[in-house]
Amino acid sequence: MYMSVAELVTASQTANKPVYELMIEQEMEMSNSSREEIWHTMGRNLDVMEAAVKKGAAGDGVYSTTGLTGGEAVLLKNYRAKGKSLSGDTMMQAVQNAISTNEVNASMGVVCATPTAGSTGTLPGVIFTLKDRMDLTRDQMIQFLFTAGAYGMVIANNASIAGATGGCQAEVGSASAMGAAAAVEIAGGTAEQSAEALAMAISNLLGLVCDPVAGLVELPCVKRNAIGVGNALISADMALAGCTNKIPADEVIAAMDKVGKGLPKALRETGLGGLAATPTGIRMKEKIFGRSADAEVHA
Amino acid sequence: MTVNYKSVFDIIGPIMIGPSSSHTAGACAIGRAANSIFQEKPTDIVIHYYESFAQTHKGHGTDYAIISGILGFDPDDSRVPYAIGLARDQGMNITFIEEVKDSPIDHPNTAIIDLSNDDKQVTVAGCSIGGGTIEIREIKMDGFDVKPKGPLPILLVQGGENDHQNVTKQLADLTKVNDQQHYKTDRGNLYEYDLDRRLKQDEIERLTQARTKLVYL
C-alpha cells in the first residue's frame, strides 16, 4: 500500500505508469476484486457526481430545509450566461459545479462523498469543468477519480479528512489537493508535478477552520467548495507551469496534521467558534433549533 | 501509523444522503455495526453523543442516520431521513443523550449505542473519523468487554480453541490478521481479529457457515 506521496511518485516513475494505474492495481489486491468490478464502482460514483452537478443548477435549484443555502448555483449559471464574469468562464463553471453539488448535499440529496460530504463539491467541480475544457472521455474521468483517490488515501492515512479532527483544511483542503494532483495528471503532467500541485493546494488552505453555523453543513461549507475548486485549478496550473512548492508534499501533509491537532475544539466542527459564533450565526442557530427539545443533556 | 483508509472507495465515496459524511454516513455505519453485533430487533435504543457529535447531531441529521444504521439501512437508502419514525413504528423506544464529558474513547465524533430487548443488551462505542469511515473501540456483549484497536474490518468469533484454529486457518487464505485478542469469561471464549482488508460477501458467508456465533464488522 502506498503510504506517502514520495512512494507514489517513485513507483509511477519506476514502473512508468500513471498513478491511476497504480491505484487500480492496489485496489484489486486489497479488495480481491477484478479490474472490471472496481472500474464499474468508480463509474457509478462518477454518475452520482454528475447527477448532483446537474440537479443543483436545474430549474429553480435546490434548497435546504433550513433555508440557509440553496439556489445559488442557478444564480451563477444565469450570471455566466451574460458572459461578463471577472475570472473567466472556466473558473465560474467550476464554481457553479462545486456549489451545485454542495447545495444538493445540504438539501439532503444524494452525493458521492469525496473525500467527505462537506467537501463533496470540490472534486466534481474540477472534473466536470475539465471535461468540457479538455474534451475528456468517460474513461479519462474515471482515471481522474482513481488518481485523486490515491493521493487522498495518503492524506487520510497520514493526517485526517475530518473537520472535527483537522478543521476544514482537512476536508476542503484535502479535496482541493486531490483535485489539483489529478488535474495535473489528466493534463499530461508528471507525477512529480502532481505532488507539487498537491503540496501547493494544501499549503494555500493550511489552517482553514471548521466553523459551521448551527452545526449544519451549509454556511460556510457550500462556498468553501468554491475556493476548493478554484485553488485546485490554480495549483494545478502553477505546477504545470513548472512552479514548485519548495516544501515537499509529504511534509506539507504532516504540517496539516499538526496544525489540525493544534486547533481549538471551537474551530473543529463544534459549531461554537468562527462564523458559527458571530451574532448572526448564533441567531440563525436559535431560529432553527430553538432550545434543545428532543435530546437529554447529561452534565 | 494506523491505516484506516484501506480502499480507494473510502476516499471517493460513499454514495450517501447528505449532509455530512462523518456525522451522517459515519453515524449510519456506527449504527450498522451495532445492528450486526445485536443481531436481533432491539426494543430500547439509547444513543450517547460526545463532543462534536453532541454539539452538532441535530444539524447533521446524525439522529436519523444512526437509527437508520441500527435498522440495517445503507447510507444512500432513501429511507434514511425517515428512520426515526420507522423505528418508532416498530415499537422501538429511542433516547438521545448529549453528554457533556469528553469522549471516553478519545475522539470528537463519538457515539455510544446501547441496544436492548427482553433477552439481551449490548453496548457499542464507535467514532467517525472522516469521510464515512469509522472505528469501533469498545463492544460489550454476552458478558465480554471487547476493546478493539479501532480500525475495521473486525471479526468476532465466540467458541472454543478449535473454532479459533479453524478461523485462523481460513483467514490465512484470505487476508493478513493485523492483531488478535482472546477474551475469556466463565461463559466462554471470544476471539477478536483485526483484518488487513475488507472481505467480500461470499468470503464472509464461507466463514459464517462453519460457526454459529460470528460477527463481521
Side-chain angles (χ1 to χ4, degrees), chain A residues 1 3 23 26-27 30-33 41-42 44-45 48 104-118 120 123 145-146 148-150 152-153 156-158 160-165 170 178 212 214-218 265 268-272 288-289 292 294-299, chain B residues 1-26 47-49 51-61 63 75-76 78 80-81 95-101 107-109 128-133 174-175 196-200 203:
Chain A
M1 206 168 157
M3 295 308 294
M23 184 68 249
Q26 176 178 297
E27 188 68 22
M30 284 301 284
S31 66
N32 198 19
S33 301
T41 304
M42 196 58 97
R44 241 186 53 193
N45 286 341
V48 169
V104 169
N105 179 60
S107 72
M108 298 202 296
V110 178
V111 295
C112 176
T114 52
T116 67
T120 191
L123 220 50
L145 292 179
F146 278 111
M153 282 180 80
N157 282 321
N158 286 283
S160 164
I161 51 167
T165 319
M178 290 157 56
L216 298 156
V217 192
E218 299 200 49
K265 260 187 203 165
R268 285 189 283 117
E269 207 172 353
T270 49
L272 299 174
I288 294 163
F289 293 119
S292 192
D294 57 358
E296 297 174 23
V297 178
H298 279 201
Chain B
M1 182 198 319
T2 324
V3 178
N4 273 301
Y5 299 89
K6 294 171 178 170
S7 163
V8 70
F9 300 113
D10 294 338
I11 303 295
I12 312 294
I15 295 171
M16 55 169 282
I17 307 277
S20 166
S21 47
S22 54
H23 292 61
T24 316
I47 316 281
H48 306 261
Y49 291 126
E51 302 188 36
S52 176
F53 265 24
Q55 295 292 342
T56 68
H57 66 103
K58 280 188 224 155
H60 282 123
D63 295 355
D76 65 341
S78 58
V80 166
T95 312
F96 298 104
I97 300 172
E98 292 170 3
E99 300 285 357
V100 175
K101 288 173 296 198
H107 194 281
N109 292 336
S128 183
I129 64 162
T133 297
L174 292 172
T175 184
D196 198 47
R197 73 163 176 89
R198 224 158 284 161
L199 301 183
K200 299 173 84 172
E203 294 170 339

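Throughout, a chain's letter reflects where its sequence line sits, starting with A, and its residues are numbered from 1. Being a predicted model, the structure only gives us computed values, none of them experimental.
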Proximity breakdown for [X] and chain B, heavy-atom pairs closer than 4.5 Å:
X	value
A/T270	both
A/L272	side chain
A/V48	side chain
A/S107	neither
A/M108	both
A/A156	both
A/M42	both

*asked:* Quick check: do A/M153 and B/D10 have side-chain heavy atoms less than 4.5 Å from each other?
replied: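 No; the side chains remain at least 4.5 Å from each other.
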_So does A/E269 get a backbone contact from the side chain of B/S52, meaning a donor-acceptor N/O pair under 3.5 Å?_
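Side chain of B/S52 to backbone of A/E269, a donor-acceptor pair under 3.5 Å: yes, one is there.
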*Is the backbone of B/V3 close enough, under 3.5 Å, to the side chain of A/N157 for a donor and an acceptor to pair up by distance?*
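Side chain of A/N157 to backbone of B/V3: no pair is present.
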_Heavy-atom pairs under 4.5 Å with chain A: which of B/F53, B/Y5, B/Y49 has the most?_
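If we count pairs closer than 4.5 Å to chain A, B/Y5 comes out on top.
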*asked:* Counting heavy-atom pairs closer than 4.5 Å to chain A, which one of B/H107, B/E51, B/R198 comes out on top?
replied: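 The answer is B/E51.
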If I take atom [atom1] from residue [X] and atom [atom2] from residue [Y], how far apart are they, to the nearest 0.5 angstrom?
X	Y	atom1	atom2	answer
A/Q26	B/K6	CD	NZ	12.5 Å
A/N32	B/K200	CG	NZ	5.5 Å
B/F9	A/R44	CZ	CZ	9.5 Å
A/M178	B/I12	CE	CD1	4.0 Å
A/T116	B/M16	OG1	CE	9.0 Å
A/M1	B/S7	CE	OG	8.5 Å

*Contact part of B/S22 toward chain A, heavy-atom cut-off under 4.5 Å: side chain, backbone, both or neither?*
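Answer is side chain: those atoms of B/S22 sit under 4.5 Å from chain A.
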*asked:* Under 4.5 Å from any heavy atom of chain A, what part of B/I129 do you find: side chain, backbone, both or neither?
replied: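 For B/I129, the contact with chain A is made by the backbone alone.
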*What's the shortest heavy-atom distance between B/H60 and A/V217, and which atoms?*
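So the minimum-distance heavy-atom pair works out to CD2-CG2, 3.2 Å.
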